[in-house]
Amino acid sequence: MSKKGIPGSGNKVIDDGHRDLSQCVEEIAQLWRLGAETSILAERLQDLRARALKHFEEEIAALSGLSDSVLLAHTAQHEEVVRKIDAVLADFATGSGALRWFDMIDSIEHMLLHHEIEEDGGYFSLLGKQSVQAKEPLIGWTRDLSLGVDWIDQHHRALIDTINEIGMLPPHYDLADADALLERLRRIAWHHFHEEEAHLALGDPARARSHVAQHRQLSSELDRLIFDVRSRRVELSGATSEYLVRWLIDHIVNSDKRDFAGMTL
């Protein structure tokens, strides 16, 4: 997540807190991508939790003059983020893996990227809310996309949600916002491919090799797109978004459904 993509509130304490949490989340996500030990991730998550609680207290104090309904709604969002951090810590503690990892990361990124204080209005709003409402999602979740395997479907939904957010960027988007979404897409895809390959390794070796080769190709294509967007060779236009839709849907329908059909996971 790029710190440039965090909206400013006009309150230095709140803005500094947003930047601090953003940096912390970015560092933890990078450790995850590099395959850090669970104990290290858990330690960093505990630190993130403590920083988040401190920031939430400061934020509510800064908004103390607003209506009770605004404070209650915002407090509920804070509590939801903490619950999701705790859920991942519980997964780590039981050795069941980070089953709710992406849900937690997405919630924190959403809060940091989309929340801002409107100094003149005195309430929280969603960044780009009007432009998002004006567009339809690029991909809708349908039965045709479901494999009937909970964790795979959950990963695919996370990829679809991120591609939909990319498609909802306004025409004159901030490059930092686009970069944050593309980096999230790459992070989710990396973990998803890794988990799929671990399960395929238990079955037919030839099938596993073919599927892994497709993952490498997909990762290479995504890396190239991100590089082109960052260097301004390519804009995140409708054509780019449609490419990402095909990038994902083709793999789900033509590869995942074939290779995971009938597997006990």
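Excluded from the calculations below are hydrogen atoms, water molecules and symmetry mates; all remaining heavy atoms, backbone and side chain alike, are included.
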State yes or no: do F227 and L175 share one hydrophobic cluster built from I, L, V, M, F, W and Y residues joined by side-chain heavy-atom distances below 4.5 Å, directly or via other members?
-> no
With sequence neighbours excluded, residues passing side-chain contact (heavy atoms from CB on, under 4.5 Å) with A208 | L200
Electrostatic pair R186-E183, nearest N-O below 4.0 angstrom = yes
Kindly indicate whether the side chain of D144, heavy atoms from C-beta on, has any atom under 4.5 Å from the side chain of V253.
-> no
Considering only heavy atoms from C-beta outward, does the side chain of D259 approach that of E196 to under 4.5 Å?
-> no
Option among E57, E59, R51, E58 that satisfies the side chain to side chain donor-acceptor pair (under 3.5 Å) test with H55 = E59
What is the distance from atom CG of L169 to atom CD of E235, rounded to the nearest 0.5 Å?
-> 11.0 Å
Looking at residues at least two apart in the chain, or sitting in another chain, which of them share a salt bridge (charged side-chain N to carboxylate O under 4.0 Å, His left out) with D150?
-> none
Nearest 0.5 Å please: distance from the CD1 atom of I40 over to the CD1 atom of I28.
-> 12.0 Å
Within a strict 4.5 Å, meaning less than it, do heavy atoms of the V229 and D179 side chains meet?
-> no
Sequence neighbours excluded, which residues qualify as side-chain hydrogen bond (donor to acceptor under 3.5 Å, both in side chains) partners of R157?
-> none
Evaluate the side-chain proximity of L225 to E221: yes if any heavy-atom separation is below 4.5 Å, no if none is.
-> no
Under the side-chain contact (heavy atoms from CB on, under 4.5 Å) rule, collect the residues that match up with A42, sequence neighbours excluded.
-> L89, F92
How would you list, by chain and number, every residue that makes a ring-ring contact (aromatic ring centres under 6.0 Å, His included) with H211, sequence neighbours excluded?
-> H215, H251, F260
Which pairs with one or both residues in residues 36-46 pass side chain to side chain donor-acceptor pair (under 3.5 Å), sequence neighbours excluded?
-> E27-R44
With sequence neighbours left out, the residues meeting side-chain contact (heavy atoms from CB on, under 4.5 Å) with R83 are E79, E80
Shared hydrophobic cluster for V212 and F193 (ILVMFWY, side-chain gaps under 4.5 Å) = no
Heavy-atom check, side chain of Y243 versus side chain of R246, under 4.5 Å | yes
Would H156 and L147 count as a side-chain contact (heavy atoms from CB on, under 4.5 Å) if you check the C-alpha gap in whole Å, the side-chain angles of each, and the deciding distance to 0.1 Å?
-> CA-CA 10 Å; H156 287 166; L147 272 66; 4.1 Å; yes
For R143, what residues pass the salt bridge (charged side-chain N to carboxylate O under 4.0 Å, His left out) criterion, not counting sequence neighbours?
-> none
Specify the closest pair of heavy atoms between T94 and D91, including all atoms of both residues, with the distance to one decimal.
-> OG1-O, 3.1 Å
Is H191 close to H155 at the side-chain level, that is, under 4.5 Å between some pair of heavy atoms?
-> yes
Separation between CG (L244) and CD1 (I160), nearest 0.5 Å, reads 12.5 Å
E197 meets the salt bridge (charged side-chain N to carboxylate O under 4.0 Å, His left out) criterion, sequence neighbours left out, with R216
Taking atom CD1 of I166 and atom CG of L185, what is their separation to the nearest 0.5 Å?
-> 5.0 Å
S255 side chain vs I252 backbone, donor-acceptor pair below 3.5 Å | no
Between CD1 on residue I226 and CG on residue L181, distance to nearest 0.5 Å = 10.5 Å
Parallel, tilted or perpendicular: which describes the rings of W190 and H194, with under 30° parallel and over 60° perpendicular?
-> parallel
Check: R184 and E165 side chains under 4.5 Å, non-hydrogen atoms = yes
Among the clusters formed by ILVMFWY side chains lying less than 4.5 Å apart, do I152 and W247 turn up in the same one?
-> yes
For I139 against I163, the heavy-atom pair lying closest together | CD1-CG2, 4.1 Å
Do Y173 and V245 belong together in a cluster built from hydrophobic side chains that touch within less than 4.5 Å?
-> yes
Residues passing the side-chain hydrogen bond (donor to acceptor under 3.5 Å, both in side chains) test with N254, sequence neighbours excluded, are none
What's the shortest heavy-atom distance between H192 and D256, and which atoms?
-> NE2-OD2, 4.1 Å
For the residue pair A189 and L159, what are the closest heavy atoms and their distance?
-> N-CD2, 3.7 Å
Is there a side-chain contact between I60 and H78 (heavy atoms, below 4.5 Å)?
-> yes
side-chain hydrogen bond (donor to acceptor under 3.5 Å, both in side chains) partners of D153, counting only residues at least two apart = S146
With sequence neighbours excluded, residues passing side-chain contact (heavy atoms from CB on, under 4.5 Å) with R209 = P205, A206
